[in-house]
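What follows is a short report on a single structure.
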Number of protein chains: 4
Amino acid sequence: MARTIGSHGPTTLEAIRKAGVRLIFEHGYEAMSLRQLAAEVGIQAGSLYNHISTKQDLLFDLVQDHINDLLRELDLALEGKADPGEKLRAFVAFHVTYHMTRKREVFIANSELRSLDAKNYDAVVALRGAYEQRLAQILTDGVADGAFEVVDIQVATFAILALLTGLCTWYRPGGRLTRDAIIAAHEKLVLSGVAPRAAIGQASHGSDSRRAAVAGS
Amino acid sequence: MARTIGSHGPTTLEAIRKAGVRLIFEHGYEAMSLRQLAAEVGIQAGSLYNHISTKQDLLFDLVQDHINDLLRELDLALEGKADPGEKLRAFVAFHVTYHMTRKREVFIANSELRSLDAKNYDAVVALRGAYEQRLAQILTDGVADGAFEVVDIQVATFAILALLTGLCTWYRPGGRLTRDAIIAAHEKLVLSGVAPRAAIGQASHGSDSRRAAVAGS
Amino acid sequence: MARTIGSHGPTTLEAIRKAGVRLIFEHGYEAMSLRQLAAEVGIQAGSLYNHISTKQDLLFDLVQDHINDLLRELDLALEGKADPGEKLRAFVAFHVTYHMTRKREVFIANSELRSLDAKNYDAVVALRGAYEQRLAQILTDGVADGAFEVVDIQVATFAILALLTGLCTWYRPGGRLTRDAIIAAHEKLVLSGVAPRAAIGQASHGSDSRRAAVAGS
Amino acid sequence: MARTIGSHGPTTLEAIRKAGVRLIFEHGYEAMSLRQLAAEVGIQAGSLYNHISTKQDLLFDLVQDHINDLLRELDLALEGKADPGEKLRAFVAFHVTYHMTRKREVFIANSELRSLDAKNYDAVVALRGAYEQRLAQILTDGVADGAFEVVDIQVATFAILALLTGLCTWYRPGGRLTRDAIIAAHEKLVLSGVAPRAAIGQASHGSDSRRAAVAGS
DNA sequence: TATGAATGAGAATTCATTCAT
DNA sequence: TATGAATGAATTCTCATTCAT
């Protein structure tokens, strides 16, 4: 905290992490070389080892920290929300916002799981499971009190997460749409998506074939 | 004539492609070594070059062939469908089915785009754009005749594709759900998701904030 | 000789040798691959082995045949020449002409000796020695009867051969000079070069240091 | 401070260059493997890349440095020489001396040009042209003031260079002849070779055919 | 005689990591 | 804490050669 000039320790580590996120996002973990990373930071490759212990460890730290942040901030965002609809809307808004702000960390955490070795993989998947569980619980509650209707909670959980997370493959700051517009667009899809069938049945051009499919599931 | 020992002719190429898909799916393109691939096929690494011209080319061929198949089969699946609702349902059913059957090719085509070099990347992105365009057109038509309501067509296109494609990160044949159940679950989410707001509005616990956001988009 | 249609044996071998000369001249023996060579000829690499026994053997044959031709034709060119001056002029004219006509073979025979394995190298060097010996003998005779003056016969032999052979690093058919002009230019240098010192001494700006050096040799 | 174990710093690069010159001289650039080179230096193949950037670059550096040295030292050797005869004698003495001292670099610079890629080749050929130009100018001046007579300056330039450079294919230190004797032998050939025809004409056994050829050039 | 596929060795180069300074 | 040099294993890819068909 009271760091004197010349002590670059934390600064350097931060620079490594920042550059690491960027390079892994752009090239992938396997394709990023530590020489590249060091060059980006402005040091020699060997010097990285004064700050990280391993390339694998750097990845793990980045991913783990991200998911921990995600979880913590989600819980803040859901705080005080009572009914499932409100919660789901908060979830969507939070998830979309977070993914717009930190899309590179998000992307890495989703696409580089396979580059984690077994132990690290398990740890991260456990954390991710906790996050998924938050959404699954919201859906379960909503279905229980009749606010939502889904064919399968598990599938819906995965599908909604995929839908929301897809954002970080195309979002670029300064694009055509405002943050709110993007949130609204996702909110519409998700909230409508889990809305009870009855409500939409009237307006829909629904066919028997669809009903049959659903019934058959 | 009826050769069985070793791997010869088109058989070998097929074996290379099959093993390639599996290894890239499991480890990623960068992480798959040609030694590994060759070992899987049962030949020496150098012998691969009797069948492929480059590791990069193998990836490109796999991805391109997949997307071409996807497009061709989609058009077959949509043939004869008239109204947007019917089309969207057909799209969902087709996409989900295809992704269950060939989830590894699908996964590769989505996750290894960044491993393609510039020229190949552009070619694949163009093809993928054509596929996205099919869905965008369905949504556009549905919105035009009032069957659908979405906040933003572009966003909805990407989101729905992400939702459907997410399937291949968790689907395993022989799982808890039947093929039809999985299709139905996705159909519900997508069809409801684009259903006109009016119909669901009553059932929804909609908040002012959301309406404002939508209005502002 | 009485070859029937369909028998391409000698034709193919000739094509291989021709292409081989060109490729070795352009890229060097080590840098020429048999795949390249085969492609040039229009066959598969494996098929080369119906005509040659080894890459090394191809090189050896090309070089050996060239030197044999060189020797045989030199003897024809020197036939009937009596005095050393006449012989030397004939040698120059022959060597230059031959090197203009077959500069690629010549170049290979000079630059790829080191790519020959020990046995082949020795054989070729022996043949080359015979050729050098022809020139050495001419010089020896000329010196003996006072027609020539050289400081050292061995050195003069190598130097004159290098001078003449240098031609094939710059000569291109259809250049600025006619064949005769090129011969004349070399003849002047060589014939003057071995002319007795006395004759030129007057015209030369000879220094004592040079005389001393010569005396000391 | 006084490090002696292993090879470090500029020492290693120097060792690589020295070993490189020797190996390329002996086997040719294409035939020298970096494993070989590294073994010669006493390091692992990969470690070479701490000192050079590419095999091609090593060759280029060796060749370029050699030609730069050659040019610089030639200009020193010619300094203060006034008339063409004196200059030509100085040129011969310098060239021969240099080629005896650094025959391997010289040989490489002459025989491995074709192994340079286009850009490097052009750079080296430009430098070499500057060197050739020095000799061409001496000949031009000598012809202008009547001290020399040559049939064609261009051809004479190439021929004399080839004559002198040929040295490095046979010269071995500690051979039969002293340095001075070798210089004298080449001086005699070159100086006589460009001496005016008139002076030698008397002593020569010149034939009409030769005169005709020269006249016709 | 030609082919296509295979081999096994070897090419240049890159990599994560270590360590004396 | 940084450096520069080293390591040894691994990378993609090429090569001359073989051989069943």
Side-chain angles (χ1 to χ4, degrees), chain A residues 6-9 11-13 30-38 41-56 58, chain B residues 1 3 5-13 30-38 41-56 58, chain C residues 6-9 11-13 30-38 41-56 58, chain D residues 1 3 5-13 30-38 41-56 58:
Chain A
S7 166
H8 297 288
T11 308
T12 303
L13 177 55
E30 293 280 353
M32 173 194 74
S33 86
L34 291 189
R35 276 163 167 73
Q36 246 184 307
L37 176 57
V41 174
I43 58 179
Q44 292 300 116
S47 307
L48 288 172
Y49 288 85
N50 289 318
H51 307 276
I52 67 175
S53 63
T54 274
K55 191 189 180 192
Q56 169 72 206
L58 172 61
Chain B
M1 214 155 256
R3 312 193 93 271
I5 297 169
S7 48
H8 294 270
T11 310
T12 304
L13 178 55
E30 293 279 353
M32 172 195 73
S33 89
L34 293 187
R35 271 163 168 66
Q36 248 184 304
L37 177 57
V41 176
I43 58 178
Q44 293 298 115
S47 305
L48 288 173
Y49 289 85
N50 288 320
H51 306 277
I52 67 173
S53 62
T54 272
K55 192 189 178 191
Q56 168 73 205
L58 172 61
Chain C
S7 165
H8 297 289
T11 307
T12 304
L13 177 56
E30 292 280 353
M32 172 194 73
S33 86
L34 290 189
R35 276 163 166 74
Q36 247 184 306
L37 177 58
V41 175
I43 58 179
Q44 291 301 113
S47 307
L48 288 173
Y49 288 85
N50 289 318
H51 307 278
I52 67 175
S53 62
T54 274
K55 192 190 178 190
Q56 168 72 208
L58 172 61
Chain D
M1 210 155 259
R3 312 192 93 271
I5 298 168
S7 48
H8 293 270
T11 309
T12 304
L13 178 54
E30 293 280 352
M32 173 193 73
S33 89
L34 291 189
R35 272 161 168 67
Q36 249 184 303
L37 177 57
V41 175
I43 58 178
Q44 293 299 115
S47 305
L48 289 173
Y49 288 86
N50 288 320
H51 307 278
I52 67 174
S53 62
T54 273
K55 192 189 178 192
Q56 168 73 204
L58 172 61

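All of these numbers come straight from a predicted model, not from anything done at the bench. Below, read A as the first sequence line, B as the second, and so on, with proteins coming before strands; counting in each chain starts at 1.
- Protein atom CG of C:L37 is 12 Å distant from nucleotide atom P of F:dT17, rounded to whole Å.
- Of all non-hydrogen atoms in C:Q36 and C:A31, the two that sit nearest each other are OE1-O, 3.5 Å.
- In this structure, the CG atom of D:L48 is 12 Å from the C1' atom of F:dA5, given to the nearest Å.
- Applying the 4.0 Å criterion to OP1 and OP2 of E:dA5, one finds that B:T11 has every side-chain N and O outside that range.
- Between D:I43 atom CD1 and F:dG8 atom P the separation is 12 Å, expressed in whole Å.
- The nearest pair of heavy atoms linking D:H51 to D:L13 is O-CD1, 3.9 Å.
- Phosphate contact (OP1/OP2 of E:dG4, side-chain N/O of B:H51, threshold under 4.0 Å): absent.
- Remark: DNA chain E takes part in the stems E:2-21 with F:2-21, each of 3 or more antiparallel Watson-Crick or G-U pairs, criterion distances under 3.5 Å.
- The two residues A:R35 and A:A45 come nearest to each other via the heavy atoms CG-CB, 4.1 Å.
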How does protein contact run along nucleotides 9-14 of chain E, one letter per nucleotide 5' to 3', with B for base contact, S for sugar-phosphate only, - for none, heavy atoms under 4.0 Å? --SBBB

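- Taking atom CG of residue D:N50 and atom C1' of nucleotide F:dA5, one finds them 5 Å apart after rounding to whole Å.
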One pair to check against side chain to side chain contact (heavy atoms under 4.5 Å, CB included): D:I43 and D:N50. What are the steps and the verdict? CA-CA 11 Å; D:I43 58 178; D:N50 288 320; over 6 Å; no

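- In this structure, C:L58 atom CG and F:dT17 atom C1' are separated by 14 Å, rounded to whole Å.
- Across every non-hydrogen atom of C:L48 and C:L34, the tightest pair is CD1-O, 3.4 Å.
- Considering every non-hydrogen atom in both A:E30 and A:K55, the closest pair reads O-NZ, 3.7 Å.
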